[in-house]
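Shown next, in structure tokens, is the structure this report addresses.
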Amino acid sequence: MKNNNELNYFNETRKQELDKMIADFSDEGCMFVEDMFTEFNACFRRGYDRSNGRMTVSFGDELGNDLTFILSREEIEYVTAGVTEKLDNLVCDSFTPYEEDDAEKGTIRLTPVNTEEEFDKLLAHVLGDDGGGADD
């Protein structure tokens, strides 16, 4: 951590800079940052503010990208929301378990199932009860 001499410059330009750093930062790096600052954000909700607008923190990922932000409440909340959103919207390249050639490759989008009805529809699709999904 180091001192930050530029105070109170959290504006649209700064948000764009943070968005770019978050977009470039690896998924593994984002998971680390999210884990590190979950407790920090919990302190905010409990009324204990541990932020310090005169300090910055810098993370480096395995790809050589940096994510640097001020330890102000605004930037901490913005960055943690950004990395959480990025992790929630991960798209993974995957292969079927029985892949024999490149035609079997596909993309799996991780999507949460929020209701029991959505779960039932998903289960019916996977089991082939809705005309799609698994073969008999």
Side-chain angles (χ1 to χ4, degrees):
M1 291 189 210
K2 62 181 179 178
N3 279 330
N4 175 28
N5 295 325
E6 293 186 47
L7 301 175
N8 300 322
Y9 73 98
F10 189 67
N11 54 32
E12 286 305 312
T13 302
R14 179 63 181 153
K15 288 178 183 178
Q16 290 173 356
E17 291 171 355
L18 291 169
D19 290 342
K20 172 91 171 86
M21 283 189 280
I22 293 167
D24 292 344
F25 213 60
S26 72
D27 298 339
E28 291 81 9
C30 286
M31 283 189 266
F32 181 75
V33 171
E34 184 182 51
D35 288 347
M36 290 281 294
F37 282 91
T38 297
E39 180 61 30
F40 220 95
N41 285 330
C43 288
F44 291 150
R45 291 188 292 277
R46 290 190 305 261
Y48 181 63
D49 189 354
R50 296 170 43 193
S51 63
N52 183 342
R54 299 179 132 192
M55 303 289 284
T56 60
V57 62
S58 185
F59 293 93
D61 68 11
E62 70 280 7
L63 304 174
N65 299 309
D66 291 320
L67 176 59
T68 303
F69 54 96
I70 299 172
L71 287 176
S72 68
R73 184 172 185 161
E74 295 86 8
E75 287 208 14
I76 292 168
E77 289 177 338
Y78 190 84
V79 168
T80 54
V83 297
T84 298
E85 181 179 349
K86 179 178 178 173
L87 293 172
D88 287 347
N89 293 309
L90 281 179
V91 174
C92 302
D93 287 329
S94 180
F95 306 98
T96 61
Y98 306 106
E99 178 184 356
E100 294 183 19
D101 60 38
D102 287 343
E104 294 287 330
K105 291 181 184 177
T107 300
I108 297 174
R109 182 173 300 276
L110 302 176
T111 307
V113 177
N114 298 313
T115 66
E116 194 170 324
E117 181 181 350
E118 289 176 347
F119 178 73
D120 289 341
K121 286 180 183 178
L122 176 64
L123 190 57
H125 179 74
V126 169
L127 295 176
D129 295 340
D130 68 344
D135 293 329
D136 291 330

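Sequential numbering from 1 along the given sequence is applied to the chain's residues. Quantities reported herein were computed from a predicted structural model and do not represent experimental measurements.
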Are the side chains of Y78 and F69 in touch, meaning some heavy atoms are under 4.5 Å apart? no
F37 vs V83 side-chain heavy atoms within contact, under 4.5 Å: no
Run I70 and F10 through side-chain contact (heavy atoms from CB on, under 4.5 Å) and show every step you take. CA-CA 9 Å; I70 299 172; F10 189 67; over 6 Å; no
If the threshold is 4.0 Å, N to carboxylate O, is there a salt bridge linking D19 and K15? no
Provide the closest heavy-atom pair for V79 versus L18 in the form atom of the first, atom of the second, distance. CG2-CD2, 3.9 Å
Mind listing the closest non-hydrogen atom pair of T68 and S58 along with its distance? OG1-OG, 2.8 Å
Quick one: salt bridge (charged side-chain N to carboxylate O under 4.0 Å, His left out) pairs with a partner in residues 63-75, sequence neighbours left out? R14-E75, R73-E77
With rounding to the nearest 0.5 Å, note down the distance linking CZ in F59 to CG in N65. 14.5 Å
Quick check on E85: does its CD atom have over 12 non-hydrogen neighbours (other residues, nucleotides or ligands) under 6.0 Å away? no
If you count every heavy atom of other residues, nucleotides or ligands that lies below 6.0 Å from F32 atom CZ, does the total exceed 12? no
For the backbone of G29 and the side chain of D61, can you confirm whether one donor and one acceptor N or O come within less than 3.5 Å of each other? no
Is there a donor-acceptor pair closer than 3.5 Å between any side-chain N or O of K86 and the backbone N or O of D27? no
